[in-house]
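Note sheet for the following structure.
Keep in mind that what you see is a predicted model, and the values were worked out from it rather than measured.
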Amino acid sequence: MRLLNWIKGLVMTSLMAGLVACGGGSGSSPKLADLVRNDARFSVLAEAIAAADLTATLSAPGPYTVFAPTNDAFAALLAELNLTKAQLLANKPLLTAVLQYHVLSAEVGRSAVPLGKAITPVGGGFFKVDSVSGALVVTDGRNRKATITQTDLVATNGLLHVLDKVLLPADKNIVQTAQAAAPFSILVDAVVAANLQGTLSGNGPFTVFAPTNTAFAAALTELGVSKEALFADTALLSKILTYHVVPSRVLKADVPVGAAITTVEGQTFTVDASLAITDRLGRKAAITGTDTLTSNGVIHTIDKVILPSDVTLPGQRTLVQQLQGMPQFSILVEAVVAAGLQDALSGAGPLTVFAPTNTAFAALLTELGVTKEQLLANKPLLTAVLQYHVLGSQVLSSQVPVGKAITPLAGGIFKIDANAGALVVTDGRNRRANIGFTDLRVKNGVIHSLDKVLLPANQNIVQTAISLPQFSILVEAVVAAGLQDALAAPGPLTVFAPTNDAFVALLTELGVTKADLLANKPLLTKVLTYHVVAGRVLKADVPVNTAITTLQGDTFTVNASLAITDQRARRANITATDVLASNGVIHVIDKVILPRP
């Protein structure tokens, strides 16, 4: 009997000890708040819970699941955020958001964790948990990784799992996340060009299958367009981009293998078990990276731009069809129709069109002092201007004869120069236009965009010289020699034109007055015709260190630095080149050159 009583007492003592160790009987069982407060590993977490006024919450019936960062995890966070513990604890909004991001409003034990799927904490947003080599690894909203080092610590109102890193909710949406990732810079540019950044920064959620820069480069080659040309075709670009967006959050674990996935664009694609996408054209793209989390969805990385089935690629459209689909060229399309040129620009080609934007046309209307209706009603002018923008062959940007005369269908010339990597057109009136996008290849040619409407020349060499004050003495000399009709003839001619300062210097050199020179018609004619070369010789065509024969009959040479040596071994510098005229070109020189005596 004594032995029996002793055994009963021992059992009761053991039970009481066990109850004490667990926080007491039913009235004093440990709550989650108690587990945290009584474990030295979580002293900073306990301080944070108190500072955020969450102790009562974690003592409520629940059930809850708490992912509990250790003191070491908080120390690492403070270093990461460059804060002191006091600063963190004093920032109640931040502290509350971070702590609530670690709490689930249900009891989720290790065996019940939905691996790879979105888990929504009480603070909103989401994170996910994956099994990596047998360990549970959490990916938070900022795509930081934390390992669960211990699971299923039991409290009366839930469970606690131990974390080696503090989780942080997402602070970037899909667009911001892509902007921060170098491999997506072209995608970001495309989203901005298509004006989709506002949509993809909205609440969502969205899933974006994001092509890398390499994928976009390959697509540009496949489509036969430059990046600038694709981005300018906003209708096509928007269609392609929205085909990469699903209007829900689809993590890797949720991808419906083999099933049609409907995109924002409206069409579907499929994903197989190896994470290969098949688009509506039967093309394959591999998903090379998954589950980049953002505040409004998730990004998966793909190695190829995918395409819907009804996308009409530039190579399948005529010049007119392509321009009709691009709102920035609506006035150009109106002009083409008004001039009756739509059939010509829809023919077999190939043609090259330098396409002025609506902004370019608006500037032209101001320059000419006419309304759009007046311009469209003036069919002869309109036809001449439009045909001045068309070449009778396909000329890609890499084939542009830089610095040389280019003859459009309207006749006359313009030229294109490279300036700091950009292409700049000089028209027949010496106005300059910048080429925007290049090499938009269509069924019957190629389109380059312009920021200014080009105009054919409306002044011959004499008229051009008259319009430039620095050539007033030259013009007097031409009239005195009776050469104005010759220099106004169809030509083409090239004039090396001395400035007024050059003539003043000549008068001093010869010891004569201007009146004396202008009265000496034989000398004047000989000198002036020595400055004229038959044919149009632009700067790019000047034969260096080769005798150039003039209308006067004598020759001169030009060296690589554009210095002229005349028949008297005198030197003159070409100070400006390629002033275009309807019947040739003018180069400016700083000294009157002289033939043999």
request  = Look only at the side chain of N583 and the backbone of A489, and say whether a donor-acceptor pair between them is shorter than 3.5 Å.
outcome  = yes
ask   = What closest approach, in Å, do I461 and L493 show between heavy atoms, and which atom pair accounts for it?
value = CD1-O, 3.7 Å
task = Give the C-alpha distance, both sets of side-chain angles, the deciding distance and a yes or no for side chain to side chain contact (heavy atoms under 4.5 Å, CB included) between D189 and F216.
result = CA-CA 11 Å; D189 289 343; F216 265 103; over 6 Å; no
query = Quick check: does any side chain N or O of S309 sit under 3.5 Å from a backbone N or O of L281, one acting as donor and the other as acceptor?
reply = no
Shortest non-hydrogen separation from A540 to G403 and the atoms involved = CB-O, 3.4 Å
key: Test item: E367 and L455 side chains (from C-beta on) under 4.5 Å apart, heavy atoms   = yes
ask   = Would Q387 and L341 satisfy side chain to side chain contact (heavy atoms under 4.5 Å, CB included), going step by step from the backbone distance to the final call?
value = CA-CA 9 Å; Q387 288 184 330; L341 294 175; 4.0 Å; yes
task = Would you sort out whether D451 and T359 count as a side chain to side chain contact (heavy atoms under 4.5 Å, CB included), showing the intermediate values?
result = CA-CA 7 Å; D451 69 352; T359 303; over 6 Å; no
Check: N430 main-chain N/O paired with T426 side-chain donor or acceptor under 3.5 Å = no
note = Exactly one candidate in K415, K539, K404 meets salt bridge (charged side-chain N to carboxylate O under 4.0 Å, His left out) with D578; the answer is K415
query = Can you tell if the side chain of L323 reaches within under 4.5 Å of the side chain of V336, non-hydrogen atoms only?
reply = no
task = Report yes if the side chains of L275 and H300 come closer than 4.5 Å at any heavy-atom pair, otherwise no.
result = no
request  = Check the pair S330 / N358 against side-chain hydrogen bond (donor to acceptor under 3.5 Å, both in side chains), numbers first and verdict last.
outcome  = CA-CA 7 Å; S330 62; N358 290 347; 3.0 Å; yes
request  = Identify the two heavy atoms, one from A338 and one from L376, that lie closest to each other, and give their separation to 0.1 Å.
outcome  = CB-O, 3.7 Å
task = Report the C-alpha distance between L382 and L375 in whole Å, list the side-chain angles of each, state the deciding distance to 0.1 Å, and finish with yes or no for side chain to side chain contact (heavy atoms under 4.5 Å, CB included).
result = CA-CA 7 Å; L382 195 62; L375 176 64; 3.9 Å; yes
ask   = Is it true that a side-chain atom of T352 and a backbone atom of S393 form a donor plus acceptor pair closer than 3.5 Å?
value = yes
request  = Find out whether V305 and H244 are in side-chain contact, i.e. whether some heavy atom of one side chain is under 4.5 Å from a heavy atom of the other.
outcome  = yes
inquiry  = Less than 4.5 Å apart, side chain to side chain, heavy atoms only: is that true for T294 and K172?
reply    = no
message = Main chain of T575, side chain of D590: is a donor-acceptor contact present, judged purely on distance under 3.5 Å?
response = no
Heavy-atom check, side chain of V246 versus side chain of F206, under 4.5 Å = no
inquiry  = If you define the side chain from C-beta out and look only at heavy atoms, does anything of N559 sit under 4.5 Å from T565?
reply    = no
key: CZ/R432: more than 12 non-hydrogen atoms of other groups inside 6.0 Å   = no
request  = Let me see the working for D272 and T278 under side-chain hydrogen bond (donor to acceptor under 3.5 Å, both in side chains), right down to the final yes or no.
outcome  = CA-CA 8 Å; D272 65 22; T278 301; 5.7 Å; no
task = Would you mind checking if R249 and D254 are paired as a salt bridge, meaning a charged N to carboxylate O distance below 4.0 Å?
result = no
query = Looking only at heavy atoms, which two atoms of Y530 and T555 are closest? And how far apart?
reply = OH-O, 2.8 Å
note = In terms of heavy-atom contacts, H389 and V385 come closest through ND1-O, 2.6 Å
query = Do N143 and L293 come close enough that some side-chain heavy atom pair is under 4.5 Å?
reply = yes
ask   = Would you call the rings of F496 and H587 parallel, tilted or perpendicular if under 30° counts as parallel and over 60° as perpendicular?
value = tilted
remark   = Between I435 and I416, the two heavy atoms sitting closest are CD1-CD1, 4.2 Å
